J.: 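Have a look at the structure that comes next, please.
Chain identifiers are assigned alphabetically (A, B, ...) following the order of the sequence lines, protein sequences preceding nucleic acid strands; residue numbering begins at 1 within each chain. Everything numeric in this text was worked out from a predicted model, so none of it was measured.
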Protein chains: 2
Amino acid sequence: MARKPADQSVDREDILWAAAEVLHRNGYEATTMKDIAAQVNLTAASLYHHFKNKDFLLLSVLEVGLDLTIDKLEVIESSDLTCAEKLGGMIRSHVVSVTGNVAVGAAMVFEIRALLNANVGGKNGDRAFTAEFATRRKRFFARRDYFESLFRNTVQAGIAAGEFRQVDAAIVTRAMLGAHNWVGVWFREGGRLSGAEVADVMVDTWLAALRTHRE
Amino acid sequence: MARKPADQSVDREDILWAAAEVLHRNGYEATTMKDIAAQVNLTAASLYHHFKNKDFLLLSVLEVGLDLTIDKLEVIESSDLTCAEKLGGMIRSHVVSVTGNVAVGAAMVFEIRALLNANVGGKNGDRAFTAEFATRRKRFFARRDYFESLFRNTVQAGIAAGEFRQVDAAIVTRAMLGAHNWVGVWFREGGRLSGAEVADVMVDTWLAALRTHRE
DNA sequence: TCTATAATCTAATCGCAATTTGATTGACTT
DNA sequence: AAGTCAATCAAATTGCGATTAGATTATAGA
């Protein structure tokens, strides 16, 4: 391979996490390539060796965050637990993800608009770039819908199975995701509750909201 | 007073709503003064006649949105309804506000980070400006905490009154607000449900999550 | 009608941020 | 020891966006 000085063993992964963190602090537009570079002791120019441009960098951060979470949810979905147990596991998993890496969690939520606005129809010349970007972005949003469907389907299944009350699954699911996402905004490591504890509260709350019977 | 051509009867208020709308679409950093100006058929320069600068404009938008919502909540709080009824009313009121003016609602949520980052310690010379800004910003955040406390106190009171289960009021309140705020992200006028209908689902969901007994 | 001033505009400034270009610098291979 | 490629950097480019300066226009009131 090649270089990688002891003090600058920075790879694509490192940059992604660093970017997620800065993004969390400032938001996409307010974050400069220099900010991100500084986080890993590089210059802005160096980032272009790892990512085509700022938009691709953002997209990569979002992709990683989403994939990580989806992986965990799929394991739960394909288990043979009751719907209530599954949903509880999913909620816990999602909340823990968000609290465990607030940066990614928040980016997930707040930078999507930036992704939408991102250059594509823009003036930028290189057609190949924008074409690839458009494709990846589209795939990202599809994954995002899939992510949401994992929750919604479980709610729906629970209703069908009589475990949950008759509710508007689509709306309740979004309420749920909104609540979880918001955790990324206020949660602070070292606060009154740990991420797992917050997750427990969420699980309890949502199951109480949905369950047909109360024990 | 003065001028105000028929076709350009734009006042401070108009600019605020326009700004909220553009902000909702693009986010603070991605929104240019020109964008906002265009929305009301003015040039960017003209905006400076009404607002000191971009930061003050954002702050003003947020202030208006918050005050509007708080006003409605206070009426409910000082009524003599049961805690459950009060909370239901507050939830409905908040959600309807958000769906009724997605722009303000979303700005409320998403641009707060921009407000935090906003120049204050900056290089900008004018001490008077920054001092006033710092003060107003501080007051804004205090109002914001107050807003949250209106919900939290009601939950707390409900628990004390035995109407609600024993839950972590602080966390549940934030979960609730997160769910409501998120509505501003996905809600679209003309969708399957009206704002009032979404609000109803929310009320039902949260009361189910909190109530001690189920009817 | 004349005057003061609100509300606008056009035309600069000024600085910053993304991105490009053209070297370097090591490390790994041979 | 030479060659090659990955990983960096410094410096230049470019364009855009906030903000300012200096008119201009329209109204309300004297």
Side-chain angles (χ1 to χ4, degrees), chain A residues 1-16 18-19 22-23 26-60 114-115 117-120 122-126 128-130 133, chain B residues 1-16 18-19 22-23 26-60 114-115 117-120 122-126 128-130 133:
Chain A
M1 309 295 120
R3 194 197 199 185
K4 210 175 198 187
D7 66 312
Q8 303 175 320
S9 17
V10 179
D11 64 10
R12 193 189 157 88
E13 275 286 294
D14 297 323
I15 297 177
L16 283 182
V22 183
L23 245 28
N26 311 320
Y28 184 67
E29 303 290 347
T31 296
T32 71
M33 290 298 268
K34 201 175 160 190
D35 291 336
I36 297 172
Q39 191 80 5
V40 284
N41 293 310
L42 288 182
T43 59
S46 301
L47 296 180
Y48 289 82
H49 181 67
H50 303 276
F51 298 91
K52 292 187 186 154
N53 61 39
K54 198 183 171 187
D55 286 340
F56 274 92
L57 175 48
L58 167 66
L59 182 50
S60 300
L115 186 61
N117 292 350
N119 128 67
V120 153
K123 43 289 157 187
N124 299 29
D126 210 316
F129 269 36
T130 45
F133 185 77
Chain B
M1 309 291 128
R3 193 198 201 184
K4 208 175 197 186
D7 65 314
Q8 302 175 319
S9 18
V10 178
D11 64 10
R12 193 189 157 86
E13 276 287 296
D14 298 323
I15 297 177
L16 283 182
V22 182
L23 245 27
N26 310 322
Y28 184 66
E29 304 290 346
T31 297
T32 71
M33 290 298 268
K34 201 174 159 189
D35 291 337
I36 297 172
Q39 191 79 6
V40 284
N41 293 310
L42 288 182
T43 59
S46 302
L47 296 181
Y48 288 83
H49 182 67
H50 303 276
F51 298 91
K52 293 190 184 148
N53 61 38
K54 196 182 172 189
D55 286 339
F56 274 92
L57 176 47
L58 167 66
L59 183 51
S60 300
L115 185 61
N117 293 350
N119 129 68
V120 153
K123 43 291 159 187
N124 299 31
D126 211 317
F129 269 37
T130 45
F133 185 76

J.: Check whether any side-chain heavy atom of A:D11 sits under 4.5 Å from a side-chain heavy atom of A:D14, and report yes or no.
T.: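 Sidechains of A:D14 and A:D11: in contact.
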J.: Considering only heavy atoms, which members of residues 31-39 of chain B lie under 4.0 Å from some atom of DNA chain D?
T.: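 Residues of residues 31-39 of chain B under 4.0 Å from DNA chain D: B:T31, B:T32, B:M33.
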J.: In Å and rounded to the nearest 0.5 Å, what is the CD to CD1 distance from B:Q39 to B:I15?
T.: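 With rounding to 0.5 Å, CD (B:Q39) is 11.5 Å from CD1 (B:I15).
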J.: Going through the distances and angles, do A:L57 and A:Y28 end up as a side-chain contact (heavy atoms from CB on, under 4.5 Å)?
T.: CA-CA 10 Å; A:L57 175 48; A:Y28 184 67; over 6 Å; no
J.: Nearest-Å distance, CG (A:N41) to P (D:dT8)?
T.: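 Interatomic distance, CG of A:N41 to P of D:dT8: 10 Å.
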J.: Once you round it to whole Å, what is the distance between P of D:dA7 and CG of A:D11?
T.: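 After rounding, the reported distance stands at 9 Å.
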J.: Within the 4.5 Å heavy-atom criterion, are A:L59 and A:F51 side-chain neighbours or not?
T.: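 SC-SC contact between A:L59 and A:F51 ruled out.
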J.: Let's see if you can work this out: which of D:dA10, C:dT10, D:dA7 has an atom nearest to the side-chain heavy atoms of A:H50?
T.: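 Out of D:dA10, C:dT10, D:dA7, the nucleotide with an atom closest to A:H50's side chain is D:dA7.
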J.: Given atom CG of A:L58 and atom P of C:dA18, what is their separation to the nearest angstrom?
T.: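 One finds 12 Å between P of C:dA18 and CG of A:L58, rounded.
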J.: Just how far, in rounded Å, is C1' of C:dC16 from CD of A:E29?
T.: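 Roughly 14 Å, once rounded to whole Å.
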J.: Does C:dT8 have OP1 or OP2 under 4.0 Å away from a side-chain N or O of B:T43?
T.: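 So the side chain of B:T43 is outside the cut-off, no N or O lying under 4.0 Å from OP1 or OP2 of C:dT8.
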J.: What is the distance, to the nearest angstrom, from the CG atom on B:N53 to the P atom on D:dT20?
T.: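 Checked: the CG to P distance equals 8 Å.
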J.: Of the options C:dA7, C:dC9, D:dA18, whose atoms approach the side-chain atoms of B:Y48 most closely?
T.: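 Comparing C:dA7, C:dC9, D:dA18 against the side chain of B:Y48, the answer is D:dA18.
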J.: Would you say the side chain of B:L16 lies within less than 4.5 Å of the side chain of B:E13, judging by non-hydrogen atoms?
T.: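 A side-chain contact exists here, since the closest heavy-atom pair is under 4.5 Å.
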J.: Whole angstrom is fine here: how far is it from NZ in A:K52 over to P in C:dA18?
T.: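 Result: 19 Å.
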J.: From D:dT8, D:dT20, C:dT20, pick the nucleotide closest to the side chain of A:A45?
T.: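 Nearest nucleotide to the side chain: C:dT20.
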J.: Counting side-chain heavy atoms from C-beta on, which of C:dT8, D:dT19, D:dA7 comes nearest to A:H49?
T.: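 Side chain of A:H49 sits closest to D:dA7.
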J.: Report yes if a side-chain nitrogen or oxygen of B:S46 is closer than 4.0 Å to either non-bridging phosphate oxygen (OP1 or OP2) of C:dT8; otherwise report no.
T.: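 No, B:S46 has no side-chain N/O under 4.0 Å of OP1/OP2 on C:dT8.
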J.: State which of D:dA10, D:dA18, C:dT19 makes the closest approach to the side chain of A:A44.
T.: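 Side chain of A:A44 sits closest to C:dT19.
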J.: Between C:dT10 atom P and B:L42 atom CG, what is the distance in whole Å?
T.: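 Rounding to the nearest Å, CG of B:L42 and P of C:dT10 are 11 Å apart.
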J.: Which whole-number value in Å describes the distance from B:K54 NZ to D:dG17 P?
T.: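 Value for this atom pair: 9 Å.
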J.: Tell me the closest heavy-atom pair linking A:N117 and B:A30, and the distance in Å.
T.: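 Of all heavy-atom pairs spanning A:N117 and B:A30, the closest is ND2-CB, 4.4 Å.
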J.: Within a reach of under 6.0 Å around NZ of B:K52, are more than 12 heavy atoms found that belong to other residues, nucleotides or ligands?
T.: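 For B:K52, atom NZ is crowded (more than 12 foreign heavy atoms under 6.0 Å).
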